[in-house]
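First up is the structure itself, then whatever we jot down about it.
Sequence lines set the chain letters: A, B, ... in the order given, protein chains first and strands last, and positions in each chain run from 1.
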Amino acid sequence: MGHDALARPIWVCKTGRILFETLHPQAAQVADFLIAVAEPVSRPQIIHEYQITSLSLTAAIANGISVEQIIKILVKLSKNAIDDSFLQFIREKGRITGKLHLVLRDGRHFLESEEATLLTHLCSHDEVVECLVSSGAVDRTAEVDSTQVEKLKSAAHRLGFPLLQEYEFRRDREDTNPHLPAVLRPSVNLRPYQQRALSKMFSMDDVAKSGIVVLPCGAGKTLVGIAACCRVGRRALVLTTTAVAVDQWRRQLQLYTTLPPEDVYIFTADQKRPIEDAERRACIVISTYSMLGFTGRRGGDTAFILDQLQQLEWGLLVVDEVQVMPARTFRTVATTIKSHCCLGLTATLVREDDLIQDLHWLIGPKLYEANWQQLQEDGYLARVRCIEVWCDMSEEFFIEYLQAQDSDDVPGSMRATLQRSLWTCNPNKLKTCEFLIRHHEERGDKIIVFSDNIFILKEFARKLGRYYICGSVNLRERMQILSEFQESAACNTIFLSKVGDNAIDLPVANVIVQISSHYGSRRQEAQRLGRILRPKPQAQCSAGGFNAFFYSVVSRDTQELYHANRRQQFLVEQGYNYQVVRDHRLSRLDQQNLIYSSKESQLQLLKQVLESVRRGEAEEADEDFTGVAEPVTSTGKPAEPEAPTEEKVSLASLSGGLDGSYVVAPVARSKRLKVGN
DNA sequence: AATCCAGCAA
DNA sequence: CAGAGTGCTGGATT
């Protein structure tokens, strides 16, 4: 360690792990460098962690940074002497990276390399040979069996020879890939980070690289995708998750580009038309993963259009919300669609399984990732205050909750469902939610309430006289509700189920209240937060300069708190501060006349909840239901909440006594209660 | 393996 | 003719 170590911002471990002090004067440049060569692991406030991997190096080199440059900068920035074995690892990567290409020509795939030996070496592996049309390479080229492209990419990746998919779009033939008459309107200004993302993709002027761009929701991913389509200027296929997102892409295409409306094709369940003169005219098609991945029966029209999509050659395949793509059926689009290159867009390169790794070879390396915090500081994203509100369970609900766990009357499969419904519909939680809604409506904010539980979503929305959107709401109504929320001052709160998780654009929203979520899904948390990230000029700032609010309302003493912790973790890693507040700290909560203030309404709600859970079970297995229904009703527990008086008293005093000492382990807590009982 | 819910079909 | 209600497939999570 030299005497100037203090002035240097990073430590480099020989495992490739990098620790970075963000208080360094040149932190911004250092961060830019690190993001280019390493994967961000965790970026809270002060010390950021990054990891250099063979994939991150591949991406860096593909982006035009040389190995020696990387080493030189690392050495210059590092407080410690870097281990030789690690430098060796970097040099070795540099030797083989970026020299193998997968190319589409006249509908056929080829493996190519400037270095014949490298190609020969790769083609000597059995796994690779199996994917080739004829064994061995001739003249630095080997033809690939088009049905085996995915397998080949996977094999090459495993063997340590990542393939680059690049498209020299200006030099392609007009007959198979006609020119697309689309340019960005002159009024469109790309933001600096959008331009940076695009410059990674088009680092050579007339070559488009395949890869992934990670931008927070609200930072304008769509515009990056659209700009890429224009730049490539050939047929483009855009895939998203929902029909609503398809429509939003169409609208933004029209808003930002000069492409005539008739050259934009929508392909969803509700809206489809065959491509006219498909061979000779270029167009942009927007569709969903389900439409292309679905294996069930298809109608005549659908089959015909699907066939068109598969026959044509695409200059660019844009995969929005690319984190869903590794799913079994969705990934098939990567092989059934013939595209010259592929741009993946996402806000959260995260899944709870480990399939996210597959994207590196399915799509390509990560080309660009923006730092949320940085964008916030630069004013491109709203400043969000994240608050977790802990609500006590209401007595009656807590008793049911504990009984559901203990009781032999409740069939095992139903216990979890029942408990989840109980903590979600906890009246104290709903009171808090209503309070928050009223508070923010008064401030003139625009509020989204998220609930994965459909029963309470509808019930609560109706009681409050607000709109809700879940799967059963048809497309037209959805559009209407969304646009009213956008434009009308009379509609300031909407309720969304998990249909709203992905790719719904609601620029005006600045408050989220989450009353139920899907277990510990980090992706869901981040994407919901993303809904309110668009900067809000109209919203007043609170103390601390916050102009957006993210509330996660959870029930204390239940497993929900455990899930909430998991979800919270992700946002903390992204640099958000999470604050925990107890519900009784919210001012005058109990003095207000709220829907679930009265005991009667709470008891009625409980009845409804129990019924809704039981109904769900009844639909699934009628016989089982009647079988267990008898003992349950004969003990009278679910039907008559007042019945077990003694238990109620003891439980109530217990939970009261434990109130103050509560720390982190809700699961253990419930168990202790159970034992004590 | 099971649960829940969203999207597509017609 | 439309849109509502139905059945099926499949994704995400634990």
With distance as the sole criterion, is a donor-acceptor pair present between the side chains of [X] and [Y] under 3.5 Å?
X         : Y         : answer
Arg567(A) : Gln514(A) : yes
Thr346(A) : Gln323(A) : yes
Ser555(A) : Asn426(A) : yes

OP1 or OP2 of [N] versus the side-chain N and O atoms of [X]: is any pair under 4.0 Å?
X         : N       : result
Arg523(A) : dA12(C) : no
Thr241(A) : dA6(B)  : no
Arg478(A) : dG7(B)  : yes
Thr417(A) : dT3(B)  : no

Nearest-nucleotide pick for [X], side chain only, options being [options]:
X         : options                 : value
Arg476(A) : dA6(B), dG3(C), dC8(B)  : dG3(C)
Thr288(A) : dA9(B), dT13(C), dG7(B) : dG7(B)
Ile454(A) : dA12(C), dC8(B), dC5(B) : dC5(B)
Val499(A) : dT13(C), dA6(B), dC8(B) : dA6(B)
Ser497(A) : dG7(B), dA12(C), dA6(B) : dA6(B)

- Task: Map Pro326(A) and Glu477(A) onto DNA chain C by nearest heavy atom, then report which one ends up closer to the 5' terminus.
- Result: Glu477(A)
- Hey, which sits more toward the 5' end of DNA chain C by its nearest nucleotide, His563(A) or Phe330(A)?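 Nearest-nucleotide comparison on DNA chain C picks Phe330(A).
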- Message: Any side-chain to backbone donor/acceptor pair from Glu352(A) onto Arg522(A)? Under 3.5 Å, distance only.
- Response: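 Yes; judged by distance alone, with no hydrogens or angles, the pair exists.
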- Query: Taking the side chain from Ser516(A) and the backbone from Asp452(A), do they hold a donor-acceptor pair closer than 3.5 Å?
  - Reply: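 Yes, because the side chain of Ser516(A) sits within donor-acceptor range (under 3.5 Å) of the backbone of Asp452(A).
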Whole-Å gap separating [atom2] ([N]) and [atom1] ([X]):
X         : N       : atom1 : atom2 : result
Glu321(A) : dA12(C) : CD    : C1'   : 15 Å
Lys498(A) : dG7(B)  : NZ    : C1'   : 12 Å
Asp354(A) : dT13(C) : CG    : P     : 13 Å
Arg420(A) : dA2(B)  : CZ    : C1'   : 10 Å
Asp270(A) : dA2(C)  : CG    : C1'   : 12 Å
Asp247(A) : dG7(B)  : CG    : P     : 14 Å
Gln271(A) : dC8(B)  : CD    : C1'   : 15 Å
Asp301(A) : dA10(B) : CG    : P     : 10 Å

Within the 4.0 Å heavy-atom criterion, would you say [X] contacts the bases, only the backbone, or no part of the nucleic acid?
X         : value
Thr302(A) : sugar-phosphate
Thr268(A) : nothing
Arg567(A) : nothing
Asp452(A) : sugar-phosphate

- Ring geometry between Phe550(A) and Tyr578(A) (parallel below 30°, tilted from 30 to 60°, perpendicular above 60°): perpendicular
